[in-house]
Amino acid sequence: SFIDNSAIKVKIRHDWYKNGVLISSVPLDIQSVNYRTFSFKNITDSVNSLGDWKVNIYEILENREDLSKSKTNLMNTVRFKIIAKKQKVS
C-alpha cells in the first residue's frame, strides 16, 4: 500500500480473504506523510490455495484491542484468482 496522507501517524489494516472467508488481518503503522508498506501471504502450490482471493485495505479510525471491532474506512480492494496448473497430456 502506498499512503499519501496529511497526518504523520496513521494505522491501516490488510484483511486477506479466500473464497469470501477472512484468512488473516494484518495491522500496519504508517510513520510518515509518504509511506509504502505491505503484507503478504505465502501461497503454496497446493489445492488449498486455489480460489478467489481479495485484500481489503482499511484505514483504522478508532483503534480497539480487538481490531475486528475498530471503526474503519475501506480505502481499496485488490482481487486475484489462483487456478490449477494445466497438466500436460502425453
Side-chain angles (χ1 to χ4, degrees):
S1 299
F2 175 74
I3 307 298
D4 184 13
N5 66 6
S6 58
I8 298 280
K9 292 188 178 182
V10 174
K11 291 183 183 259
I12 66 170
R13 187 178 76 217
H14 290 176
D15 285 355
W16 288 78
Y17 293 85
K18 186 183 100 182
N19 297 325
V21 176
L22 180 64
I23 301 298
S24 72
S25 188
V26 182
L28 300 159
D29 289 327
I30 306 304
Q31 300 295 326
S32 67
V33 176
N34 290 315
Y35 199 80
R36 291 180 193 269
T37 190
F38 65 93
S39 66
F40 66 92
K41 302 299 295 170
N42 285 323
I43 299 174
T44 63
D45 203 16
S46 74
V47 172
N48 293 330
S49 297
L50 302 179
D52 294 312
W53 288 80
K54 79 174 178 179
V55 181
N56 284 342
I57 304 166
Y58 294 98
E59 176 185 13
I60 299 173
L61 302 173
E62 176 189 71
N63 198 18
R64 295 190 179 181
E65 198 162 316
D66 181 356
L67 284 178
S68 67
K69 295 181 180 175
S70 294
K71 289 184 181 178
T72 60
N73 175 41
L74 179 62
M75 298 168 64
N76 199 2
T77 299
V78 177
R79 298 174 193 275
F80 59 98
K81 185 173 201 157
I82 298 179
I83 57 175
K85 240 193 285 188
K86 289 186 179 181
Q87 299 294 325
K88 289 184 178 180
V89 179
S90 322

Interatomic spacing from NZ in Lys54 to CG in Asp15 - rounded to 0.5 Å
9.5 Å
For Asp52, which residues count as a side-chain contact (heavy atoms from CB on, under 4.5 Å) partner, sequence neighbours excluded?
Asn19, Lys81
Do Trp16 and Ser39 have side-chain N/O donor and acceptor atoms under 3.5 Å apart?
yes
According to side-chain hydrogen bond (donor to acceptor under 3.5 Å, both in side chains), who are the partners of Asp29, at least two apart in sequence or on a separate chain?
Lys11
Which residues satisfy the side-chain hydrogen bond (donor to acceptor under 3.5 Å, both in side chains) test with Trp53, sequence neighbours excluded?
none
Considering all heavy atoms, the nearest Ile30-Thr37 contact
CD1-CG2, 3.8 Å
For Phe80, does the CZ atom have more than 12 heavy-atom neighbours from other residues, nucleotides or ligands under 6.0 Å away?
yes
Report the residues that fulfil side-chain contact (heavy atoms from CB on, under 4.5 Å) with Leu50, sequence neighbours left out, ordered by chain and then residue number.
Val47, Ile82, Ala84
With a 4.5 Å cut-off on side-chain heavy-atom distances among I, L, V, M, F, W and Y, is there a chain of contacts connecting Leu28 to Met75?
yes
List in chain and number order the residues that pass side-chain hydrogen bond (donor to acceptor under 3.5 Å, both in side chains) with Lys41, two or more places apart in sequence or in another chain; answer none if no residue qualifies.
Ser24
With the side chain counted from C-beta on, respond yes when Thr72 and Arg13 share a heavy-atom pair under 4.5 Å apart, and no when they do not.
yes
With sequence neighbours left out, what residues match Leu74 under side-chain contact (heavy atoms from CB on, under 4.5 Å)?
Asn56, Tyr58, Thr77
If every non-hydrogen atom of Lys18 is compared with every non-hydrogen atom of Ser49, which pair is closest and at what distance?
CD-O, 4.3 Å
Between CG on residue Asn76 and CD1 on residue Ile57, distance to nearest 0.5 Å
5.0 Å
